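Accompanying notes for the structure given below.
This one's a predicted model, so the numbers in the text were calculated from it and none came from an experiment. Within every chain, numbering begins at 1; the chains are lettered A, B, ... in the order of the sequence lines, protein sequences first and strands thereafter.
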Number of protein chains: 2
Amino acid sequence: MPQKTLTRTTRRPRPLPAARQANRVKKAITKPTKSASAQKAVPADTLKLVPLGGLEEIGRNMSFLEYEDEIVIIDMGLQFPEEDTPGIDYIIPNIAYLQPKKDNVKAVVITHGHYDHIGAVPHLIGKLGNPPIYTLPLTKAILEKRQEEFMNAPKLNIVTVKYGDKVKVGKHFELEFFGVEHTIPESMGVLIKTPVGNIVHSGDFRFDRDANGNIYRFDELQRVGKMDIHTLIVDATNALEEGYGIPETEVMKNLEELLRKAKGRIVLATFSSMLTRIGEIIKIAEKLGKVVMLNGRSMRENVEIAKRLGYIKAKKDTFVPVQEVSKYKDDKILVISTGAQGEPTAGLMRIANGEHRHIQIKHGDTFIFSSSVIPGNERSVQALTDNIARQGALVYNSKLLDIHSSGHALAGDIKLFIKTVKPRYLMPQHAYYYFRYAGGQLGIEAGVSEKNIRLLDNGSVGLLTKDDFKVSEETVPVYYVMVDGLGVGDVEEVVLRDRLTLAQEGMIVIITTLDRKSGKLVKNPDIISRGFIYLRESQELLNEIRGRIRSIISRIPRHQPLDSDYLKSLLRDQIGQFVYRETNRRPMILPVIIEI
Amino acid sequence: MPQKTLTRTTRRPRPLPAARQANRVKKAITKPTKSASAQKAVPADTLKLVPLGGLEEIGRNMSFLEYEDEIVIIDMGLQFPEEDTPGIDYIIPNIAYLQPKKDNVKAVVITHGHYDHIGAVPHLIGKLGNPPIYTLPLTKAILEKRQEEFMNAPKLNIVTVKYGDKVKVGKHFELEFFGVEHTIPESMGVLIKTPVGNIVHSGDFRFDRDANGNIYRFDELQRVGKMDIHTLIVDATNALEEGYGIPETEVMKNLEELLRKAKGRIVLATFSSMLTRIGEIIKIAEKLGKVVMLNGRSMRENVEIAKRLGYIKAKKDTFVPVQEVSKYKDDKILVISTGAQGEPTAGLMRIANGEHRHIQIKHGDTFIFSSSVIPGNERSVQALTDNIARQGALVYNSKLLDIHSSGHALAGDIKLFIKTVKPRYLMPQHAYYYFRYAGGQLGIEAGVSEKNIRLLDNGSVGLLTKDDFKVSEETVPVYYVMVDGLGVGDVEEVVLRDRLTLAQEGMIVIITTLDRKSGKLVKNPDIISRGFIYLRESQELLNEIRGRIRSIISRIPRHQPLDSDYLKSLLRDQIGQFVYRETNRRPMILPVIIEI
């Protein structure tokens, strides 16, 4: 392992994590000159195109188009927590700009049923006046299932569409849906006809090829390419990955071979949302005479929806409940499980930890991870893999074999997509800045003029006219709205900062009980501490802290009423400095003054 | 992005991170039947081989051999903190087994100067009686430099050796050093002749090839292979990576091309410990007529040491201080900087954040990351890359171009190493279980008998006789010893658990002041909270909590003395439940009872 910078003689206050630091600078750079609410009137015949999320992270996808008094929203996703948002469930897009204009929202298009595109719907749709949602039947079913989990969320107002449908929305917009391949069935892109020109939003997409190398649904895209596209908003997630995706047929061939050669039970872990692949795996299981057990709530629910809508077809006795695992021979068992990312509560973790009621790992089991590792989950997945292998099972993952293909097009296919759609302006989306920058480079290679590449940030306001795409100097608010437990938006910057400090250094609460009249200590100061050092084993330090508190109190002049804020800040500073000198740590010092 | 399991209607208490969960099970599995201190006598003529770290993580490398009353230690490294050890500086190996036997320690071999092999020396060497350290001159210089930073650490007792040296140690051991290639000059492996046979420790190694494909130092290894090797302890870090490493000449060729074509200033970020590459880069700079500025303390210090020892040779005016950056034309400037991992305090972060006193990013700058991303740092590095690119600089990294080669051999070369050394027993090390498992498979392919592969864990005790290598059922202690500020080992499990809870959920301190005689509240309960919700904006919740406290207190019977532990647990449970019902969060509840 290489060496990091490390010094122990002095220590500066621990800095914020890198992501947050970078964020800070970025904000300084993109600081709005005016907030959009106070924004001056946009010239007539201008379309606003605003990404609210998904451009500086993977997740929280949401953008909207606004023309005069009409707004169309595309997607409404959530973002999973970052290392600098501990304890948060997830982050949703900020609708501060949209909320006062909710009557203008004419349509919400949901491109597909993944959480980073639908997850914020229960939290936001009511606040936006519950506008109609245009989406496909599978996405509808997933949306409705999720909505049920939120007691106060309104019944959704969904308009089911199919590929090729054209829908007039308001006076100014027409939507036209086209199919794209992704890892969940019924994914789509949308062509939006606007008064300034045709805008294409790719949705999340990849190209998948049949055995002859023909791209599925390519004709739909070619048709779009003939329609004089003003701006293409394109999925640039994998713009830095050279080449072309592994065809799903290849993935399935390799999986079938693995399943065939496994001697014992097989546990295959993947995302419960990869319904296309799950459907194919079930077919293989039937071919090999295996029964299928679904492990994990979201796996059972999603497969149930896909079966109901005909996306997964299975014989009557293919599915058996996991509690019947002991009734079948080992080589007849295929378990399809959630938890491929090492999520602590998911099905696979319970198996690996010996906490599953029906499945214990034994020699001869084969575990297959048919998924990529989401950045940030590397350690958890490694620990999970080690844990399973250590118990005697064989483990396969996509590093060892082509048993997973990304849901997002790689560089070669992104270029082909752009070349086919032939937009005048290109706006890469769905990833970090540098990925989108690379997406822009692909655009240039695909024939888009270099001066027509637009790298917006979350909250940037694109101003589109027939022959132009400017980026406004003004921005709309996109600060984090965090969901934590039942609270939405009530965990703010200050709470997160405290959580980070508590995690790094712990805290000490100092309780001094004073006589209101004499200002003298009524009893020995109480000290409690968590996350600092184990106080029971640090009596000496504790006594020294108490001594210092007494001495600070005794030095306070008595001729005036006690200024408890002043005393608190004295205690905080002086005890803080003392603790730092003694331990080189900076726990949060919380003084409490009780006057009686 | 694919969907994760997510449900909002009920929430279980947040589980421990995956790594820790896995760890827990693993511990149960490898639970010692007896601790080694109470260990029964080992049969005569048995050599103990014990890894204390480096087998279940990347880092904290340390192992030892023990024969009768003599011990030889190999390496003494540190491990950087994990996600489940927040706020910790680093983790060092546990020497609970060795400390009582410190008089038996005859030698410490340090294979090379990276922190994961030397970092624990200042903390441990004194506790082991400051035994002689056998190492090479560059490692010696780095060790001594670091030792200076620790005021109470003893002066090191270093015996400088060179490749090929043989050293008799005690009655039973002879050490013979051989050179290996790594990313720092003067890396070595060691052949240890013991009464039961010859043990080889590979150190960290890779094979590097010249333009004709010849492997540097391969003859030294071939010589080792002729010496009837009982056991090979081999670096398996990259056992899951197919193929062979990129030759360093290739890396340098690509870097030279990049440096040549850059039009403006160049900032090249790499590990300050990759002194071999840094030396080569300086040569290229001279060839291209550029001056070199070193950015970051460890970069300046390490290059200084390497220059002093002749590993880096440079003309007199090649190095200029970074404060003179404005004196040179942009295309004459090469900055070599620390911080390629997005470390918050390192040189590159200061530049990216606009906090560097002399270097501000501008259009036309080229930034080159010549390093791999250490797992866990993906997000920080991404944020850093985005931040730099956003300010107009070009960014290159090893995903885009072969401008970094790992310091650890890939699968093909690991196999070749094993084949050349021809050991009877193989013990893969320096990585997670699954990597070592893969290393074992490579051993089988290289001709080691399957039954002779030994996958030990940290703390496992290998019992080696002339014709056997058993793994004892007993283990030695290897629990984490954590360094946090000035404290070593005083942050324990309970403190870390508290830090994790505080980070996830925050805390509420409830202070109730009671009259000792009447048991009645003397004043309104005081409540402080951090990391939970922003209390100033939650007055209603606060008032409800206060009301509940009053009601709990009022229901306590008065006919007996106050049982303050009972009252605390009442408050903890009931306020905890109330807060959970209201918010679905579980902050730590800390009741304090003040009786006056």
Walk me through it: do I594(B) and I511(A) pass the test side chain to side chain contact (heavy atoms under 4.5 Å, CB included)?
CA-CA 9 Å; I594(B) 303 207; I511(A) 301 153; 3.3 Å; yes

Using the side chain to side chain contact (heavy atoms under 4.5 Å, CB included) rule, take R530(A) and T501(B) through it: C-alpha gap first, then chi angles, then the decisive distance, then the call.
CA-CA 10 Å; R530(A) 290 291 186 279; T501(B) 307; over 6 Å; no

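For I533(A), the parts lying near chain B are the backbone and the side chain together; criterion is any non-hydrogen pair under 4.5 Å. When heavy atoms are compared at a cutoff of 4.5 Å, E301(B) does not approach chain A at all. L394(B) touches chain A through its side chain: at least one heavy atom from C-beta onward sits under 4.5 Å away, while N, CA, C and O do not. Contacts of M588(B) with chain A are made by side-chain atoms alone, with heavy-atom separations under 4.5 Å and no backbone atom involved.
Paired with V509(B) under the rule side chain to side chain contact (heavy atoms under 4.5 Å, CB included), one option of L590(A), I528(A), V592(A) passes, and it is I528(A).
In this structure, CG on L502(B) lies 10.5 Å from CG on D498(A), to the nearest 0.5 angstrom. With rounding to the nearest 0.5 Å, the separation of CD in E57(A) from CD in Q382(B) is 12.0 Å. Rounded to the nearest 0.5 Å, atoms CG (D89(B)) and CG (N584(A)) are 8.0 Å apart.
Comparing V522(A), I388(A), T385(A), L455(A) by heavy-atom pairs within less than 4.5 Å of chain B, the highest count is held by T385(A).
Within the 3.5 Å criterion, the main-chain N or O of Y433(A) finds a donor-acceptor partner in the side chain of D386(B).
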